[in-house]
Amino acid sequence: MIEVSYSPSQLEQKWYQLWSESNIFTRKVSPQKSSCTILIPPPNVTGILHMGHILNNTIQDVLIRRARQKDRSAFWIPGTDHAGISLQIKMEKELAKQQLTRYDVGREAFVELAQEWRQKHGSIILEQLEKLGVSCDWSAIKYTLDPDYSHAVLFAFVKFYQQGYIYRGLRLINWCPVSMTALSDEEVIMRQQNSFLYYIKYEFVEQPGEFLVIATTRPETIMGDVAIAVHPSDKRYQNFIGLHCWRPIVREAIPIIADEAVLQDFGTGALKITPAHDIVDFEIGQRHKLDAIGVIDKNGKLNTFAGPEFAGMDRFEARKKVAEYLNTQGLLLREEACVNNVGFSERAGVPIEPMLSEQWFLKYPCVEEAKLVVQKGLIHFCPERWAKTYMHWLENIKDWCISRQLWWGHRIPVWYRKGTDRNDTENWHISVDGPEDPENWEQDEDVLDTWFSSAIWPLATLGWPDEKMMNTMNFNYFYPTADLVTGPDIIFFWVARMIMFSLHLLDTPKMLLSEEGEGDEEEIRATRPYDSSQEVQSPEPVSFDSELNTSLESEWKSKGDYLLEKYIPFKNVYFTGIIRDHLGRKMSKSLGNSPDPLDLIEKYGADGIRIGLLSMAPNGQDILFSEDRVAQGKKLCTKLWNSFRFRQQNSMEVDRSSVGVIIERIDVHDLEADDIAVLGKLLNTINEFEEAMDDYEFNRAVQILQTFFWNHYCDWYIEVSKSRINNTVLAIHDFILYQLLLLFHPFIPFITEELWHAHGYGTGFLAEELLESKEQLCKYLSKIDLSRVEELIKEIELVQNLVVAARGLKAQFGLSAARDVRFYFKAEGMAKEIVACHLRDIKHLLWTQFFEETEEGLELPVEIVELGTLYINMAGSLDVGAEKRRLRQEIENLERLIAINKKKLQNEDFLERAPEGVIEGAKKLLGENVEKKEELEAIFLRLSAIE
RNA sequence: GGGCGGGUAGCUCAGUUGGUUAGAGCAACUGGUUUACACCCAGUAGGUCGCAGGUUCGAGUCCUGUCCCGCCCACCA
């Protein structure tokens with residue numbers, strides 16, 4: 001028996017513990033079953049649980065629980081990310097509290113400190129996720145700095161290097177002066193800034209006393225100027241090309257050059273060229289073989305090249321001072337307010353400094369292949385439109401700066417022979433394990449971009465590249481994974497890179513076999529004992545895009561999609577929306593508009609928040625959060641709880657331990673239209689629900705279930721069944737509730753599990769119960785004649801409409817539900833029979849003893865429904881005037897509709913061109929409305945006679 | 001500058017290949033303890049489908065233009 005009131009927190013804790021103790025979420029390998037693997041997007045160890053996590057992980061949990069229900073081998077791999085730059089910043093802040101920098105404590109101690117922090121706090125976020133009910137296989141938990149994971153990262157690096165994908169080079173990179181590290185292009189976000197455009201006079205060397213005016217937003221880089229560029233066809237400047245100007249600070253002659261990249265209509269059309277601090281300038285500099293003079297140091301302060309007056313000054317301070325200085329020299333013509341885009345460091349929140357620097361770069365592997373697998377639908381994006389964003393990025397892809405000047409992360413596995421020239425590759429040692437004589441070498445100081453290690457998440461979580469580990473983890477069975485659930489904001493950071501990395505790193509047969517690597521494709525297959533992909537439907541063949549590289553096309557055609565499918569890291573990518581507040585603003589700490597999920601769980605239960613959030617998550621659109629919806633989620637749970645309490649008020653001395661025995665309790669002779677109709681509706685609901693789930697439309701799926709449960713089952717079936725509780729009816733309740741628990745379970749696992757046991761549905765966990773297919777359900781129900789089910793559903797709808805109309809009449813006259821009013825009903829033929837058949841229910845639902853048939857029209861308030869004409873007789877007096885006004889309005893409304901329909905049916909074009917069904921429908925409607933109107937008019941006349 | 005979303009009831013959203021009178025939930029309002037549930041039940045009201053054209057017998061839906069809002073990409077110093 002169930003408790004009187006539903007209190008989520010206790011039962012949620014209880015069931016999570018029981019599930020965990022029974023290890024029911026631990027993966028099981030069974031060759032007969034297909035596998036369904038989901039990789040958690042590893043949260044940062046520094047992260048705190050926010051609404052995005054809740055949505056994201058609820059969806060994953062729903063998918064993985066559904067997979068279990070469908071008898072697939074489910075495997076949800078949890079883990080965390082070491083969060084390179086983020087944790088480093090955090091640790092530096094900690095140190096700063098003690099007036100220390102990382103250099104004070106040294107590299108080793110600093111890393112140790114970070115490790116300690118991670119030990120202490122790193123799993124908090126996962127513990128918080130447990131409260132949500134996530135059914136991860138905790139025995140497979142992975143952390144991106146685990147020894148085996150680190151090994152995999154270095155292995156990938158070495159492999160890429162050996163194959164020529166990784167190189168070291170001097171490039172203009174994005175430098176963050178606060179974190180003191182290089183960043184990738186993706187980590188730079190552009191922000192609109194209110195700046196000033198400074199117009200500065202440069203004196204001609206060849207024509208003293210005459211000036212060339214340039215406009216710049218960055219006067220502090222003047223000392224790095226090496227040229228002035230104009231557009232070659234700019235008439236204003238053509239005569240000056242080849243002449244020189246004096247650089248106004250750190251005076252030196254610099255040439256005037258011509259380059260197409262200069263825009264004539266911006267500023268003065270003359271551009272100062274500072275190759276060391278601007279990407280465009282850098283490119284122009286390369287074309288003209290100009291030197292690059294760096295004047296800003298890594299800490300954002302000007303260096304000695306900036307001259308004694310400015311050396312050591314912060315770059316923003318210097319901007320003002322340089323402008324002031326130029327002004328005193330009469331070289332600042334004017335300054336003009338302007339709006340421009342400035343690149344900011346995503347993490348540190350300060351403008352990045354383009355800087356010339358020696359870094360490690362990765363030339364992306366398998367770019368074309370990565371495009372192809374998405375284009376061909378082998379990897380399916382949901383919503384599909386994100387594929388465009390993905391393609392666009394891949395088409396414009398540039399080499400990736402993967403080195404970071406941080407201490408926290410995977411240290412680059414490159415060693416230089418002590419005391420030798422680092423620029424000479426002869427002096428390099430690159431391997432996973434390092435040189436055998438480490439005392440003679442020093443390791444590269446840099447670590448890898450965190451996203452480099454994230455890119456091998458699908459591989460390293462399953463034991464790659466170690467063959468033994470891969471066998472232990474059943475790599476060949478669980479890879480490729482099924483669904484990736486993530487936000488579209490990390491398409492480039494993560495999704496695209498995982499695809500490229502997986503394709504490349506796996507597509508190299510050598511690596512899967514031996515170090516010598518003589519294997520071919522057949523041997524790879526041989527290392528894969530189970531083939532889950534064969535049970536999965538292949539995507540429809542898609543015709544090749546003509547734009548694609550044709551040689552690649554034929555190569556891939558010969559390999560076949562079969563092989564390809566084994567290398568992709570996942571089959572579907574579901575992109576969630578971003579959760580915003582009710583004003584549409586992004587949730588952020590600084591705005592304080594983000595509710596604490598744990599508070600919400602406390603208040604509404606994990607089940608409530610799960611289903612509430614899903615019900616407000618339209619497919620692929622941002623989500624406007626409202627606590628109200630979460631409250632509704634809890635209400636749904638309460639309603640479910642109470643529906644069981646209703647059932648338990650009636651005889652419980654019956655067997656409920658399986659669907660079979662429940663069905664056995666049904667006596668087919670006791671069945672009435674309502675029973676069959678509700679079963680039919682349930683089957684229809686399951687169909688629609690499955691369809692919505694197949695399309696990843698979770699909010700629709702939830703809504704479909706809820707409508708059946710609340711409106712059809714509770715509001716109608718429970719109510720009508722109250723007047724005829726018998727064994728058959730109770731069995732039907734038990735059957736429907738059984739199915740509802742199964743269907744709702746992936747969304748609200750805790751309460752359904754509790755009710756499952758409290759109602760004696762079985763001894764095992766609901767979480768392990770399989771979902772029956774519609775065919776199986778029909779088989780169970782085979783003793784019931786379902787041939788007329790649609791007809792009966794329609795019949796019930798007609799009765800419902802009658803009841804609604806009658807309630808409407810009552811409400812209109814302000815009659816309390818309990819007051820016994822009299823109804824009269826005029827019907828003919830079938831309608832008459834139907835009403836007679838449902839008379840008991842109708843009386844019960846209208847709370848009346850008096851519902852009589854009448855042959856003739858009455859002078860009473862009236863409603864006309866499909867089944868016939870309904871009159872209400874209130875004991876008191878009737879306000880004839882008011883009633884006539886009501887009728888008049890109704891008649892006018894009908895007249896309007898009749899006019900529309902008549903006009904349509906008089907239109908010859910319509911009759912000629914519209915499909916027959918539409919014309920028939922219009923005719924039928926017209927007929928019904930005319931009939932209804934005539935009847936109302938007759939009543940109107942009779943009422944007039946009374947008056 | 002390019003690309004992608006979105007604009008339907010006070011709010012959040014549905015609305016299938018164009019086809020009867022555009023739907024749901026919440027909020028509002030009215031009434032109500034009946035074999036579970038007031039976290040409930042019954043009912044009422046509320047809409048020029050952003051705007052303007054076009055195609056069509058027929059447009060929320062298709063086409064063109066346009067205006068807002070939001071993202072993403074791009075080297076206008």
Side-chain angles (χ1 to χ4, degrees), chain A residues 4-6 190 197 214-218 229 261-263 265-268 270-274 278-284 338 340-341 354 383 385-386 388-389 392-393 396 488-489 491-492 578 580 582 584 586 604 608 615-616 618 620-626 628-629 631-632 634-650 699-700 703 706-707 714-715 718-719 721-723 725 803-804 807-812 814-818 844-845 847 893-894 896-897 900-901 904 907-915 917-926 929:
Chain A
V4 173
S5 63
Y6 163 57
M190 300 307 280
L197 199 52
I214 61 98
T216 181
T217 53
R218 301 208 59 193
V262 180
L263 298 169
D265 55 358
F266 188 90
T268 63
L271 173 64
K272 76 185 200 63
I273 303 300
T274 323
D278 186 281
I279 181 72
V280 180
D281 293 9
F282 180 75
E283 284 162 12
I284 293 176
C338 76
N340 65 339
N341 285 326
R385 67 188 144 85
W386 291 113
K388 278 192 183 173
T389 308
H392 183 255
W393 186 71
N396 298 288
D489 50 333
I491 283 186
F492 315 137
I578 294 165
R580 300 171 175 281
H582 67 109
K586 235 177 170 164
Y604 302 105
S615 74
M616 78 177 96
Q621 250 152 257
D622 286 357
I623 296 143
L624 297 202
F625 180 80
S626 84
D628 213 56
R629 297 293 282 267
Q632 271 172 259
K634 190 189 173 188
K635 285 185 186 179
L636 177 68
C637 294
T638 310
K639 184 81 178 172
L640 190 62
W641 187 270
N642 284 319
S643 67
F644 272 84
R645 286 189 57 221
F646 165 75
R647 167 63 190 87
Q648 296 204 350
Q649 287 203 341
N650 296 288
N699 63 328
R700 209 181 99 211
Q703 205 199 320
Q706 180 166 342
T707 301
C714 290
D715 291 346
I718 287 188
E719 290 310 318
S721 71
K722 279 178 182 173
S723 59
I725 296 289
V803 170
V804 166
R807 284 168 175 164
L809 276 176
K810 268 172 109 172
Q812 207 150 16
L815 303 172
S816 86
H844 170 76
L845 292 168
W847 207 238
N893 195 29
L894 283 169
R896 190 174 57 82
L897 297 177
I900 291 170
N901 254 304
K904 202 187 257 182
N907 184 339
E908 278 175 34
D909 285 324
F910 174 72
L911 294 173
E912 210 169 297
R913 297 178 203 216
V918 174
I919 297 173
E920 283 306 308
K923 279 184 183 163
K924 191 171 161 233
L925 188 70
L926 179 64
N929 282 337

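Basis for what follows: all heavy atoms, side chains included, without hydrogens, waters or symmetry-related copies. Every chain is numbered from 1 and lettered A, B, ... according to where its sequence line falls, protein lines coming before strand lines.
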Which whole-number value in Å describes the distance from [X] [atom1] to [N] [atom2]?
| X | N | atom1 | atom2 | answer |
| --- | --- | --- | --- | --- |
| Leu809(A) | U44(B) | CG | C1' | 13 Å |
| Gln632(A) | A27(B) | CD | P | 7 Å |
| Asn699(A) | C26(B) | CG | P | 16 Å |
| Ile919(A) | U20(B) | CD1 | P | 14 Å |
| Lys924(A) | U21(B) | NZ | P | 14 Å |
| Leu925(A) | G58(B) | CG | C1' | 15 Å |
| Arg385(A) | G3(B) | CZ | C1' | 12 Å |
| Gln706(A) | U12(B) | CD | C1' | 14 Å |

Would you mind building the protein contact string for nucleotides 69-77 of chain B? One character per nucleotide, 5' to 3', B for base within reach (heavy atoms under 4.0 Å), S for sugar-phosphate only, - for untouched. -S--SBBBB
Reading nucleotides 37-42 of chain B 5' to 3', which nucleotides get B (base under 4.0 Å from a protein heavy atom), which S (sugar-phosphate only), which -? B-BSSS
Rounded to whole angstrom, note down the [atom1] distance from [N] over to [M].
| N | M | atom1 | value |
| --- | --- | --- | --- |
| C39(B) | C26(B) | C1' | 14 Å |
| G18(B) | A59(B) | C1' | 6 Å |
| C51(B) | G46(B) | C1' | 23 Å |
| G23(B) | A9(B) | P | 14 Å |
| G31(B) | C68(B) | C1' | 43 Å |
| U21(B) | G60(B) | P | 11 Å |
| A45(B) | U35(B) | C1' | 33 Å |
| U64(B) | G70(B) | C1' | 24 Å |

For [X], what residues pass the side chain to side chain contact (heavy atoms under 4.5 Å, CB included) criterion, not counting sequence neighbours?
| X | answer |
| --- | --- |
| Asn341(A) | Met190(A), Gln192(A) |
| Lys923(A) | Leu905(A), Ile919(A), Glu920(A) |
| Asp909(A) | Asn907(A), Arg913(A) |
| Asn650(A) | Phe646(A), Arg647(A), Ile725(A), Leu730(A) |

Could you tell me which nucleotide pairs with [N] by Watson-Crick or G-U wobble geometry, both distances under 3.5 Å, or answer none if nothing does?
| N | answer |
| --- | --- |
| C71(B) | G3(B) |
| A24(B) | U12(B) |
| U48(B) | none |
| C39(B) | none |
| A59(B) | none |

With a 4.5 Å limit on heavy-atom distance, are the side chains of [X] and [Y] in contact?
| X | Y | value |
| --- | --- | --- |
| Arg896(A) | Asn893(A) | yes |
| Ile279(A) | Glu283(A) | yes |
| Leu640(A) | Tyr6(A) | no |

Looking at Lys388(A), does any N or O in its side chain come under 4.0 Å of the phosphate oxygens OP1/OP2 on C4(B)? yes
Output all residues satisfying side-chain hydrogen bond (donor to acceptor under 3.5 Å, both in side chains) with Asn340(A), sequence neighbours left out; order by chain, then residue number. Ser195(A)
For Lys388(A), all residues meeting salt bridge (charged side-chain N to carboxylate O under 4.0 Å, His left out), sequence neighbours excluded: none
Under the salt bridge (charged side-chain N to carboxylate O under 4.0 Å, His left out) test, which residues partner Arg580(A), sequence neighbours left out? Asp622(A)
Output for pair (Thr274(A) OG1, Arg218(A) CZ), nearest 0.5 Å, gives 8.5 Å
Report the residue (Arg700(A) or Val918(A)) whose heavy-atom-nearest nucleotide on RNA chain B is the more 5′ of the two. Arg700(A)
Of the nucleotides C26(B), U35(B), G19(B), which one has an atom closest to the side chain of Phe646(A)? U35(B)
Closest listed nucleotide, where the reference is the side chain of Gln649(A) and the choices are U12(B), U35(B), U21(B): U35(B)
What does Pro915(A) touch in the nucleic acid at a heavy-atom separation under 4.0 angstrom: a base, only the sugar-phosphate, or nothing? base
